[in-house]
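Data block below; observations after.
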Amino acid sequence: MVLLVLVETGWAPLQDADRALSHRLHRVAVEQSGFTRLNRILTDWVWDPITTRLLALATVVILYIRRARRLAVWAALTSMVGLAMQYAIRAAVARDRPSHPDPVDSAHNFAFPSGHVMAATITCGLLLVLLHAASPAHRGWRTAAWAAALVSVIGVGFTRVFLGVHWPTDVLAGWLFGATAVAGCTAAFAPTLRRGSGGITELRVTRP
C-alpha cells in the first residue's frame with residue numbers, strides 16, 4: 001500500500017531511482033543483443049502470463065478431477081482475484097511505461113503493476129502451497145520447487161526491467177500484490193487449513 005501511494009503521488013526519490021536503474025539496464029540491453037534476445041524468449045514464452053495462467057488452469061483441472069474440489073475453487077479464485085487486482089490497480093494508477101529512443105522491446109497498456117510478475121508470483125505461490133499440502137515431509141522436492149519458483153519470479157521481474165517495458169517499482173508491486181492475493185485467498189479458506197507438525201501452514205486436501 002505504501003508503494004502504491006508513493007507511485008501514485010510521484011515521490012521524486014522513488015522516480016529518480018526507477019529512472020536510473022531502468023536507463024542503466026537499457027544501455028546493457030542495447031549493447032548485448034544476444035543476452036537481450038534470451039530475455040525476450042524467457043519473457044515472451046517461458047514466463048509469459050498466458051503460460052503461467054495456463055499452468056494455474058491446469059492445476060485447477062487436475063485438482064477437480066482428483067476430487068479435491070475445495071482446493072480447485074481456492075486455486076481458481078486466487079488466480080481470478082489476482083487478475084482483477086492487476087487491472088483495477090492499473091486503471092487507478094494509469095502509470096506510463098518507460099520510454100527509450102532505441103527500444104529493444106515493446107508493451108502496451110499501463111505499467112503498474114507488472115502483469116508478468118503478478119501472474120508468475122500467483123501461480124508459483126499456488127503450486128508451493130499445494131506442494132506443502134501434498135508432501136510436507138519431502139524436503140528435497142520442496143527445496144527444488146522453491147528454487148524453481150524463486151528463479152521464475154525473480155527472473156521474470158528482471159526481464160521486464162531489462163527489456164525496458166517496466167519500471168523496477170512495477171516489478172516490486174507485482175511481487176507484493178501477487179503474494180498478497182495468494183495469502184489473502186488462502187486465509188479466506190481458513191476452515192480447510194491446519195498447522196503441520198513442522199510449523200508450516202498446510203492446506204488439507206479434503207474429499208467430498
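Values reported hereafter were calculated over all heavy atoms of this structure, with side chains retained and with hydrogens, waters and symmetry mates removed.
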Determine whether [X] and [Y] fall in the same hydrophobic cluster, where Ile, Leu, Val, Met, Phe, Trp and Tyr are linked whenever their side-chain heavy atoms lie under 4.5 Å apart.
X	Y	result
Val46	Val171	yes
Val30	Phe35	yes
Val153	Leu3	yes
Leu176	Trp11	yes
Leu4	Val7	yes

- Query: Under the side-chain contact (heavy atoms from CB on, under 4.5 Å) criterion, do Phe110 and Ile89 qualify, and how do the steps go?
  - Reply: CA-CA 10 Å; Phe110 296 123; Ile89 296 169; over 6 Å; no
- Task: Scan side-chain atoms only and decide if Thr51 and Trp45 contain a donor-acceptor pair under the 3.5 Å cut-off.
- Result: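 No, Trp45 and Thr51 have no side-chain donor paired with an acceptor closer than 3.5 Å.
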- Residue pair Thr52 / Thr123, side-chain donor-acceptor N/O under 3.5 Å: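 No, because no side-chain N or O of Thr52 sits under 3.5 Å from a partner of the opposite role on Thr123.
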Which atom names give the shortest non-hydrogen contact between [X] and [Y], and what distance separates them?
X	Y	value
Gly155	Trp47	C-CZ3, 3.4 Å
Arg90	Asn109	NH1-CB, 4.1 Å
Thr36	Ala29	OG1-O, 2.6 Å
Thr121	Ala179	CG2-N, 3.6 Å
Cys185	Trp74	O-CD1, 3.6 Å
Met118	Gly178	CE-N, 4.0 Å

Supply the atom-to-atom distance [X] [atom1] to [Y] [atom2], rounded to the nearest 0.5 angstrom.
X	Y	atom1	atom2	answer
Thr78	Ile122	OG1	CD1	8.0 Å
Thr180	Met85	OG1	CE	5.5 Å
Ile50	Leu57	CD1	CG	12.5 Å
Glu31	His26	CD	NE2	10.0 Å
Leu38	Leu42	CG	CG	4.5 Å
Asp18	Phe112	CG	CZ	9.5 Å

- Message: I'd like to know whether CZ of Phe158 has more than 12 heavy-atom contacts from other residues, nucleotides or ligands below 6.0 angstrom.
- Response: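 Yes, CZ of Phe158 has more than 12 neighbouring heavy atoms, counting only those of other groups under 6.0 Å.
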- Message: Set out, in order, the CA-CA distance, both residues' side-chain angles and the distance that settles side-chain contact (heavy atoms from CB on, under 4.5 Å) for Leu25 and Leu21, then state yes or no.
- Response: CA-CA 6 Å; Leu25 287 176; Leu21 182 56; 4.1 Å; yes
- Report the C-alpha distance between Arg69 and Leu63 in whole Å, list the side-chain angles of each, state the deciding distance to 0.1 Å, and finish with yes or no for side-chain contact (heavy atoms from CB on, under 4.5 Å). CA-CA 6 Å; Arg69 291 172 184 169; Leu63 288 171; over 6 Å; no
- Item | Check: Leu6 and Thr169 side chains under 4.5 Å, non-hydrogen atoms |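 Thr169 does not reach Leu6 side chain to side chain.
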- Would you check, one step at a time, whether the test side-chain contact (heavy atoms from CB on, under 4.5 Å) holds for Arg19 with Trp167? CA-CA 7 Å; Arg19 292 192 189 98; Trp167 302 105; 3.9 Å; yes
- With Arg40 as reference, evaluate Thr159, Val104, Leu163 under the side-chain contact (heavy atoms from CB on, under 4.5 Å) test and give the passing residue.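 By the side-chain contact (heavy atoms from CB on, under 4.5 Å) criterion, Arg40 pairs with just one of Thr159, Val104, Leu163: Leu163.
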- Item | Asp170 with Arg160: basic N within carboxylate O range, under 4.0 Å |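 Salt bridge: no.
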- Just by distance, do the side chain of Thr9 and the backbone of Val5 share a donor-acceptor pair under 3.5 Å?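 Checking the backbone N and O of Val5 against the side chain of Thr9, a donor-acceptor pair under 3.5 Å is found.
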- Say whether, by atom type as modelled, one donor and one acceptor occur between the side chain of Arg97 and the main chain of Val165 under 3.5 angstrom.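 Yes: the side chain of Arg97 pairs with the backbone of Val165.
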